[in-house]
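Below you'll find the structure, written out as structure tokens, and then a few comments.
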Amino acid sequence: TYAAAVYVVGTVNGVWGVYHSDDGGASWARFNDDAHQYGGIRTIAGDWNSYGRIYVSAPGRGIVYTN
């Protein structure tokens, strides 16, 4: 059993995206899609008080969050 989700920006199975895993990286679910790339991502942070919410800094867009 895992107590925390893992969030990454990178390539999983050849597809770039923002991903999360609830099982220590054994499987990944993608947050974004091909139409929503956030203009690139510099920093990512998970919200400690709201499961599934992440904040990303996107160049020229400020801070963006998604659930």
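For the side chain to side chain contact (heavy atoms under 4.5 Å, CB included) test, residues two or more places apart in sequence or in another chain that qualify with Asn49 are Asp47. For Asn13, there are no side chain to side chain contact (heavy atoms under 4.5 Å, CB included) partners, not counting sequence neighbours. Considering only residues two or more places apart in sequence or on other chains, Ala45 meets the side chain to side chain contact (heavy atoms under 4.5 Å, CB included) condition with none of them. Residues satisfying the side-chain hydrogen bond (donor to acceptor under 3.5 Å, both in side chains) criterion with Tyr51, sequence neighbours excluded, are Asp22. Listed by chain and number, the residues in a side chain to side chain contact (heavy atoms under 4.5 Å, CB included) with Ser57 are Arg42, Thr43, Ile63 (sequence neighbours excluded).
When hydrophobic residues (I, L, V, M, F, W, Y) are linked wherever their side-chain heavy atoms come within less than 4.5 Å, the members clustered with Val15 are Val6, Val8, Val12, Tyr19, Trp28.
Counting all heavy atoms, side chain and backbone alike, Ser27 lies closest to Ser21 at O-OG, 2.9 Å. Annotation for Asn32 and Val18: closest pair OD1-N, 3.0 Å, computed over non-hydrogen atoms.
Note on residues 28-39: pairs passing salt bridge (Lys or Arg N to Asp or Glu O under 4.0 Å), not counting sequence neighbours, are Arg30-Asp34.
Side-chain contact check for Tyr7 versus Val56: every heavy-atom pair is 4.5 Å or farther apart.
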